[in-house]
Amino acid sequence: MSQATTQTRYPTYASLDFPAFETYIRAFWERERIFEQSLERRAHAPAFTFYEGPPSANGQPGIHHVMARTIKDIFCRYQTLKGRLVHRKAGWDTHGLPVELQVEKSLGITKKDIGTTISIADYNAACRRDVLQFKDRWDELTRLMGYWLDLDHPYITFENDYIESVWHLLKRLWDKGLLYQGYTIQPYSPAAGTGLSSHELNLPGCYREVKDTSCTAQFERSDAPGEYFLAWTTTPWTLPANAALAVGASIDYALVDTYNPYTHRRIRVWLAQDRLPAYFSAEAADLDLPAYQAGDKRIPWRIVETKRGEELAGLRYAQLLPYVQPEGDAFRVIVGDFVTTDDGTGIVHIAPTFGADDLRVARQQGIPAITVPAPDGSPMPLVDRQGRFVEQVTDFAGRYVKNYTDDPDYQSVDVDICILLKKENKAFRVEKYEHNYPHCWRTDKPILYYPLDSWFIRTTAYRERMVELNRTIRWKPESTGTGRFGQWLENLVDWNLSRSRYWGVPLPVWMNEDRTESKCIGSVAELRAELERAVGLGLMPENPLQEGRDFDLHRPYVDEWILADSQGQPMRREPDLIDVWFDSGAMPFAQWHYPFENEDIFRRSFPADFIAEGVDQTRGWFFTLHAIAVLLEDSVAFRTVIANGLVLDKHGNKMSKRLGNAVDPFETIQTYGADPTRWYMIENAPPWENLKFNIDSIGEVQRKFFGTLFNTYAFFALYANIDDFVFDDQNTVPYASRPELDRWIVSKLHSLIEAVDGYYSDYDPTRAARAIQEFTIDQLSNWYVRLARRRFWKGEMTPDKQSAYETLYECLLVVAQLMSPIAPFFAEWLYKNLTDGLREAARPHDSALALPSVHLSDWTPVDQSVRDAELEARMELAQNICSLVRSLRKRTRLNIRQPLQRILIPLTAHITRQRLEAVADLIRSEVNIKAIETATGDEGMFVRQVKPNFRTLGPKMGAKMKAAAAAIAALDAAALRKLEAAGRYPLQVEGETYEITREDVEIRTEDVPGWATASEGSLTVALDTTLTDELRAEGLARELVNRIQNLRKDLGFEVTDRIAIEMGFRPEWQNALAQFGVYIQHETLAERLDTVEGLTSDQQIEIEGVTSPIQLHLVR
RNA sequence: GGGUGUGUAGCUCAGGUGGUUAGAGCGCAACACUGAUAAUGUUGAGGUCCCAGGUUCGAGUCCUGGCAUACCCA
């Protein structure tokens, strides 16, 4: 039941049904517009800016989205409590490959159908329709899980306004000279004449075993003729394009004196030491070098020198095949992180035009590519787009590097190049090599890695600044910022912006036919004006953007818009789309349609104070936000970021629909409730760790934490209603005059507020949740309520009872607020239960209680004056003593109901008489002991043991530690007394005297002869187990109270009902009844307690084998 | 192959700056307690702190090198 069972000031409930009360709370929020109110209340407060990373709504949300969104929600709610204005605008990412693939799947088409069987217009219309198909499900999850977000005014990346803002950013990059056309190495099929996506390369069957001619080439050192670097390649056709050699920095290389096997000339060659066995036989190592004759089977060799790769870096060599000269500083040895000694020579041939690693490392180290001018003057590689060598490679001009034309007489270029190298003393070994190589799925021909034109953002120009500004960002966890992100930034390459696709933001660049003029468009107005001019020149029949007309900035429309260059000649748009990641990275600007609208809002909300997404966004959204902000605003885009880990299944495996281990968030929330789900996810592990999601653990959180808190409230409500307790925050019992126990929990409460505030402000929600949970379960419920409950039970309202009520009420109210960022529903439910019945009375005072929602409240300030570390310490001592007494009672089989005469506690530096006296009453009643006695070591009644305190002795003793420890263990009782009395003692260690102090040893009581003893650390408790007749009688009385209370409960009496008791006469019990009858009556609210001979009754009670009939009557 | 995490009880996790008996919860077993409790208390079983070296009087903690696993990038 979530409905209150009675109309009372503090509603009471039979049980706790999470989905039901969450539905009730959600309806309340929506009806009363609490989210909107939480913004309105802070309308003039300083802003705390949060950016929502836009999800793609073309798929169902998963449980990991609940994780990410809980984190976001927590800090937005916390900052609102702290008095900030926190706008949260929803957003949707709508472009990109996943949408395209999904549409192709649902339409049953492939990319090559686009433009033939389906028009680009229809295709894009399908994408637009599909991409938000699950938006309703996402919105539903957002509501169900209690994530507060402005869902009514989202930014959507496919809208014209959004695209216009993106264009404006691109134009600013253009104006700064940061947008340029260049090339990257991409898989390319010469036979098909097209580039292939990585997705196409992963189609089954693309990688095949092939035999190629591999070549280990000799590159001659410029400053040491006769000395060569050996480099191995499976693509000899790339050797004319060689521009550098790469070595591993920490790999060891050997210089070997030997002979070339083809020319038989004496040479010295460099290769990795680990690769020697692959090139030289062990038997030949000792052969006499000068004795070698051409044709000898074994070629002698000898190591003459070794160096590490980093020492070789910078050495120069002569170009291997000098057909084309580069412009720049080529033919150097450089360091590459990809170099291994798994195969080859440990030295890698670098052809920047034909390898992705090659190009990357060449760009980093300033190695030029070997290119020739294309007909249009731009540089092109030594192989053309059909896969043929260009004419400048004279020996092989016009020949296909692989057999792309199915020519039956095809002669391998690789083989011919190797023959040439052999002749010129440039090949050390040539052999067939079998390996996996990707093939084009359309033509079955091997692909080439080939430079293809793309548009780039020159991010490298701002690399240093990006690194520098990154250091000012607070990363959670820090390692993601310094490591994964920071180190990557330091090795940043230019951002390839181009995508050859259909559904996305078109690159707003127009070029004339001979590519001598280009224009970048930065707004609709600018484009409209350009089109107007084109219309005037007769290049366009009419202006598609003229005022009042609907238009779409996507393909294919934008492709049809022709502009004019300075000569009036047509300019066409570059066909590329831009990387979708630019879309989302542009959201700080584009979500407000800046700069065309909302300039003020943008300025106020940039940069963000906080963002949070999965760690997989590090090089995605986190990077694009950062890059755009640094390049255009010289600013970070966010000050704090939480990069959360993955949600795995309970075995630590990745969740996937295919494996069937994915958890449905809707089902989880409907079964367990949003709050237990949220709490579990946050409490279980820090968000930046991967979460092993175990759904059973949510049930545990529900029972343990929420159940305990519910019961604590239920206890309060039960008695507060009976006593008609009204919390009046204008008039409470001063803390100073509250009892010890109350002051203790209030002190703990304010320590908790400070701790939780610190954790939230440090973006560590897990520690916050754990602290709240520990306080609620261990301190508030299991100690405070347990010890204080008798104060609520009996009699009229006294200052003591008033204090108990107020203290418990305050604790519950503050806990509701502290937990509200993580568990917004339960916190609200608790807050409303505590305050709804007081609302009207609070209004005139305009006090905090007048607020209808905990989410509208202001963070409770820590009251340092009520904190008392000494009080907290001695209560902890009391808790430990009680724990030891319970342990002793267990061991001696004397249960708590049996009163015992006394316990004895040896005093120590920390366990003082003063401390014990302050908490003695609590201990006595909690463990049912009549007296607490104390003693010092002087009486000699304890058996004591002394242990060295290594922490303090360590610095003093150093290497003599072991001897000192032995000397201390050997101290006798007299020595200990001397140490305790004087506070210091001269200790003999290996002939030297060291003065040790009390702090340097730990004196523990081992045993108290004649008593039952138990110890924990330096705390020892001894229990007197002597039972007197009086103690027995009192124990029996307590047993009777227990049986009668249980019976009352079984019979369904209310806690306030008064009764009359009749029971049979039992001689064993008479003494107890005579002495403690009044006590029994008092405890059981009995007006009368009579023994009746020969009583018969359905009810029986039993104590230690003695049974008796009993009857309880309700007294009116 | 590179980068970054993680590795502690059957499970989920704590264990500032090194200190000698490594903790909690869950689960399991037993016994208690309960007029708020769906709880709780006590006791017990359960650990090569991933491995190997090193530094140190002393390493779960620091260093080096591995192994396993996850993510990102090649």
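Just so we're on the same page: letters track the sequence lines, and every chain starts at 1. Here the structure is a predicted model, which is why all the values come from computation and not from measurement.
The closest side-chain donor-acceptor pair between A:N833 and A:Y13 falls under 3.5 angstrom. Side-chain contact of A:W679 with A:Q773: a donor-acceptor pair under 3.5 Å is present, judged by distance alone. Judged purely by distance below 3.5 Å, without hydrogens or angles, the side chains of A:E1087 and A:Q1081 never pair a donor atom with an acceptor atom.
As rounded to the nearest Å, B:C33 and B:U17 have C1' atoms that lie 43 Å from one another. B:G53 and B:U40 are spaced 44 Å apart, taking the P atom of each and rounding to whole Å. The same atom, C1', is picked in B:U56 and in B:C62; the two are 10 Å apart, to the nearest Å.
Note on A:D357: only backbone sugar-phosphate atoms sit closer than 4.0 angstrom, heavy atoms only; bases stay farther off. Nucleic acid contact for A:R889: none, since no nucleic acid atom lies under 4.0 Å from a heavy atom of the residue. As judged by a 4.0 angstrom heavy-atom cut-off over every strand, A:T482 is placed among residues making no nucleic acid contact. Contacts of A:Q1045 with the nucleic acid, taken as non-hydrogen atoms under 4.0 Å apart, include base atoms. Counting any heavy atom pair closer than 4.0 Å across all strands shown, A:F792 reaches no nucleic acid atom.
Remark: the A:R484 side chain and the B:C71 base include a donor-acceptor N/O pair separated by less than 3.5 Å.
For A:K692, a side-chain nitrogen or oxygen approaches OP1 or OP2 of B:U12 to under 4.0 Å.
A centroid separation of 6.0 Å or more is found between the aromatic rings of A:F775 and A:W783.
Evaluation of the side chain to side chain contact (heavy atoms under 4.5 Å, CB included) rule for A:T460 yields A:R458, A:R463, A:D494 as partners, not counting sequence neighbours.
Within residues 774-785 of chain A, the residues that place at least one heavy atom under 4.0 Å from RNA chain B are, in residue-number order, A:S781, A:N782, A:V785.
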